[in-house]
Amino acid sequence: GHYGRGSTFTRRHTPSNMADGADDAERLAIIRHLILSAPDAELSQVVNDVKVLVADDALLDRSLPGLLREYHTEHLTVAKLPDDSKLVLSRFNYKDGEEFVDYAGKRVVTFDAVHASVANVRNADASELHGAGEAEGLRSEVPSALDEYVRGKYPHGAGSTSISADGSTVYVTISSIISNIANCYTGKWRSLWNVSRDGTVKGLMRAQAHYFENETCSSYQRRNTRDRQTGQLVAP
């Protein structure tokens with residue numbers, strides 16, 4: 001029940017015999033699919049299942065850190081910082097290695113993807129913030145309004161802002177999860193917004209729900225917005 005909507009395997013590559021008959025590249029492709037399809041709040045169960053199915057510690061030791069970092073980045077995992085603030089992890093604020101940039105706090109956050117926890121926080125250098133770009137003025141105005149919006153609409157979630165390397169675009173990410181494993185359900189909202197310096201806003205919204213009381217049932221919805229010309233961010 002943890003393998004996600006749309007999972008398909010040939011007989012040769014069914015989970016029951018995934019450790020046999022497939023080369024490393026084939027097994028890695030299956031592992032990646034299983035992990036990236038894991039419903040939020042159920043990732044640890046899926047990883048444990050994958051470890052049993054693969055039965056190859058060396059392969060998993062090599063592949064899991066990168067796959068889990070990809071998972072947290074694509075699923076907009078919310079990292080809780082030592083000062084109780086939150087950072088939405090995304091490809092927009094990913095720096096390199098295990099580091100993500102917190103533009104609002106002017107910090108660089110080291111996130112341990114395997115243990116899903118913050119390992120370190122340091123002050124960011126000016127070059128890491130892309131602060132000289134024209135969009136920085138807009139980006140600096142967004143966090144307070146974003147925080148107020150998220151508190152009202154997504155009390156279990158968080159929102160973060162980032163800026164493109166050339167300083168021309170502000171990125172807004174919103175992520176919220178609600179789960180009750182004891183009552184067999186989890187749900188996740190993710191949205192990404194691009195705000196260009198000419199005021200054009202476009203976004204991608206994704207909602208996922210998973211129910212698994214007697215049998216598993218997953219729902220995944222995705223919607224792209226049309227470009228809009230606006231003087232301020234448009235809420236979904």
Side-chain angles (χ1 to χ4, degrees), residues 38-47 65 68-131 135-164 170-183 185-193 195 203 205-210 232-233 235-236:
D40 289 271
E42 299 173 66
L43 177 60
S44 60
Q45 292 98 320
V46 173
V47 170
L68 291 174
R69 182 166 57 249
E70 183 180 2
Y71 178 92
H72 292 300
T73 301
E74 290 302 313
H75 282 245
L76 304 185
T77 292
V78 177
K80 296 180 180 179
L81 307 187
D83 63 358
D84 292 330
S85 61
K86 298 176 180 179
L87 178 67
V88 180
L89 307 181
S90 73
R91 63 181 182 272
F92 300 125
N93 60 12
Y94 176 65
K95 183 176 179 292
D96 54 46
E98 296 184 321
E99 291 188 327
F100 294 80
V101 179
D102 172 15
Y103 288 88
K106 295 180 170 55
R107 300 171 292 188
V108 174
V109 176
T110 300
F111 184 79
D112 181 342
V114 174
H115 298 97
S117 62
V118 172
N120 186 54
V121 179
R122 63 173 175 83
N123 293 329
D125 296 331
S127 62
E128 296 174 309
L129 297 172
H130 308 148
E136 170 58 19
L138 174 60
R139 192 217 60 77
S140 64
E141 297 175 0
V142 171
S144 59
L146 179 61
D147 288 346
E148 181 179 357
Y149 172 74
V150 170
R151 281 196 301 270
K153 299 293 185 179
Y154 307 99
H156 301 286
S160 293
T161 57
S162 309
I163 194 166
S164 62
V170 172
Y171 304 114
V172 178
T173 52
I174 298 174
S175 181
S176 182
I177 184 171
I178 185 168
S179 66
N180 190 324
I181 299 299
N183 286 310
Y185 70 83
T186 64
K188 180 70 174 280
W189 169 272
R190 291 175 278 170
S191 59
L192 309 169
W193 300 92
V195 186
M205 297 167 283
R206 291 176 287 188
Q208 183 175 11
H210 184 217
Q232 53 187 271
L233 294 182

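Throughout, numbering of the chain's residues begins at 1 and tracks the sequence. Given the structure is predicted, the values throughout are model-derived calculations rather than measurements.
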From [atom1] ([X]) to [atom2] ([Y]), nearest 0.5 Å:
| X | Y | atom1 | atom2 | answer |
| --- | --- | --- | --- | --- |
| S160 | L76 | OG | CG | 9.5 Å |
| H156 | I178 | NE2 | CD1 | 4.5 Å |
| S90 | E74 | OG | CD | 9.0 Å |
| L87 | K80 | CG | NZ | 13.5 Å |

*Criterion side chain to side chain contact (heavy atoms under 4.5 Å, CB included) on L129 and K106, from CA distance to verdict*: CA-CA 7 Å; L129 297 172; K106 295 180 170 55; 3.8 Å; yes

*Is the closest basic N to carboxylate O distance between K86 and D102 below 4.0 Å?*
no

*May I ask you to say whether E99 pairs ionically with R122, meaning some side-chain N is under 4.0 Å from a carboxylate O?*
yes

Given 3.5 Å as the limit, does a donor-acceptor pair link the side chain of [X] with the main chain of [Y], or not?
| X | Y | answer |
| --- | --- | --- |
| T186 | A41 | no |
| S179 | I181 | no |
| N93 | V88 | yes |
| E42 | P39 | no |
| D125 | S127 | no |

Search all heavy atoms of [X] against all heavy atoms of [Y] and return the closest pair with its distance.
| X | Y | result |
| --- | --- | --- |
| A38 | L43 | CB-CD1, 4.0 Å |
| S176 | G157 | OG-N, 3.6 Å |
| G159 | D147 | O-OD1, 4.4 Å |

*asked:* Determine whether L146 and V172 satisfy the following criterion, side chain to side chain contact (heavy atoms under 4.5 Å, CB included), listing intermediate values before the conclusion.
replied: CA-CA 9 Å; L146 179 61; V172 178; 3.8 Å; yes

Using a 4.5 Å cut-off on heavy atoms from C-beta on, say whether the side chain of [Y] contacts that of [X].
| X | Y | value |
| --- | --- | --- |
| D112 | V118 | no |
| K188 | R206 | no |
| P82 | V121 | yes |
| Q208 | D40 | yes |
| W189 | M205 | yes |
| V78 | I177 | no |

*Show your reasoning for whether side chain to side chain contact (heavy atoms under 4.5 Å, CB included) applies to F100 and V108.*
CA-CA 6 Å; F100 294 80; V108 174; over 6 Å; no

*Evaluation steps, side-chain hydrogen bond (donor to acceptor under 3.5 Å, both in side chains), between S85 and R107*: CA-CA 12 Å; S85 61; R107 300 171 292 188; 3.2 Å; yes

How about [X]: does its [atom1] atom have over 12 heavy atoms from other parts shown lying under 6.0 Å from it?
| X | atom1 | value |
| --- | --- | --- |
| D84 | CG | no |
| E148 | CD | no |
| K95 | NZ | yes |

_Could you go through L89 and Y94, starting from their C-alpha distance and side-chain angles, then the distance that decides it, and tell me whether this counts as side chain to side chain contact (heavy atoms under 4.5 Å, CB included)?_
CA-CA 7 Å; L89 307 181; Y94 176 65; over 6 Å; no

*Quick check, are the ring centers of W193 and Y171 under 6.0 angstrom apart?*
no

*Taking the six-membered ring where the residue is Trp, are the ring centres of H72 and F111 under 6.0 Å apart?*
yes

*Between S162 and R91, do the side chains contain an N or O donor and an N or O acceptor separated by less than 3.5 Å?*
no

*Evaluate the ring planes of Y149 and Y154, with Trp represented by its six-membered ring, and classify them as parallel (under 30°), tilted (30 to 60°) or perpendicular (over 60°).*
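Answer is perpendicular, since the angle exceeds 60°.
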
